[in-house]
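Computed from a predicted model, the values in this text were never measured in an experiment. Chain A is the first sequence line, chain B the second, and so forth, proteins listed ahead of strands; every chain is numbered from 1.
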Amino acid sequence: MTADRPLARQDLPIDTTCLARYLIGKKLVRTLPEGVAAGRIVETEAYVIGDAAGHAFRGMTARNRSLFLERGHAYVYVAYGRSDMLNVSSESAGIGAGVLIRALEPLEGIAFMQRNRGVDRLRDLARGPGRLAAALRIDRSLDGLDLCRAGPLWLGDDEREPGDIGRGIRIGISRDTDRPLRFYLRNNPFVSGRKSLNA
DNA sequence: AGTGCGATTGACT
DNA sequence: GTCAATCGCACTA
């Protein structure tokens, strides 16, 4: 069931908001010596050019430099000292913007994810950006990785129709809070956030 | 060199 | 529903 070929960079929309929507329904595949885990992306957020809520807002630093890579590269950072977060860089090289991957519907390697998370319930494995990273063992060592190449972590296609995509405000930020830059699969149980946000 | 703060989570009432 | 844990890193001096 796992896609065997990564998405072509050429097929990724350059625009950050378009990319965030495009990634809904695509697959995220993690390959380790221990095995393979994969899930369907069901929730994303765009952090666009000039976005006061984005990490690149004040220019390039040691932490955020991967956001400035050409679209389709991983930007991984640690939030609140405990949770790793996976982003996909967007726009052209030299422009700091990206898409936060917030939730997955687990498809493959369920036992591996359960082990990594310490919980069994399917719904809790990758619902939320920190949980997603823990389930797939994503950390800063993957920062800067090309997600359009087969390797330890990559983006794949999914034959299925994505379904009805909802759009709303982003979660957990304190600046630019009103912009509708969050995308999610409607009525999907693996999406994070309050129920009222996901109708 | 010191300070303040998160693109969250899990535990608890 | 509320709330504290926790630490890398950006920012100030």
When rounded to whole Å, the CE to P distance for the pair A/M60 and C/dC9 reads 16 Å
A/R63 CZ to C/dC7 C1', in whole Å, measures 12 Å
Over 12 foreign heavy atoms within 6.0 Å of [atom1], [X]:
X	atom1	result
A/R117	CZ	yes
A/R9	CZ	yes
A/R149	CZ	no

Does any non-hydrogen side-chain atom of [Y] lie less than 4.5 Å from one of [X]?
X	Y	result
A/I24	A/V42	no
A/H55	A/L67	yes
A/K26	A/D158	no
A/Y47	A/V99	no
A/T16	A/E91	yes
A/I138	A/M85	no
A/V29	A/L153	no
A/R160	A/R40	yes

The correct set of residues in residues 121-136 of chain A placing a heavy atom under 4.0 Å from DNA chain B is A/G128, A/P129, A/G130, A/R131
Ordered by number, residues from residues 75-88 of chain A within less than 4.0 Å of DNA chain B (heavy atoms) are A/Y77, A/Y80, A/G81, A/R82, A/S83, A/M85, A/N87
query: Are A/I165 and A/L19 co-members of a hydrophobic cluster defined by side-chain heavy atoms under 4.5 Å apart?
result: yes
- Query: Are any of the side-chain nitrogens in A/D15 or A/R21 under 4.0 Å away from the carboxylate oxygens of its partner?
  - Reply: no
Per side chain to side chain donor-acceptor pair (under 3.5 Å), A/S192 is matched among A/R127, A/R182, A/E43 by A/E43
Exercise. Taking DNA chain C as the partner, which of residues 167-187 of chain A come within under 4.0 angstrom of it by heavy atom?
Worked result: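 Heavy-atom contacts with DNA chain C come from no residue of residues 167-187 of chain A; none.
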Here DNA chain C, pairs taken as Watson-Crick or G-U under 3.5 Å and shown with ( ), [ ] when crossing and | when to another strand, reads |||||.||||||.
- Item | Closest-nucleotide ordering on DNA chain B, the 5'-leading residue of A/R117 and A/G98 |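 The answer here is A/G98.
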Which residues pass the ring pair (Phe, Tyr, Trp, His ring centres under 6.0 Å) test with A/Y22, sequence neighbours left out?
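Here no residue qualifies.
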On DNA chain B, reading 5' to 3', which nucleotide is the first and which the last to sit with an atom under 4.0 Å from a heavy atom of chain A, could you check?
->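 Terminal contacting nucleotides, 5' to 3': B/dG6 to B/dG10.
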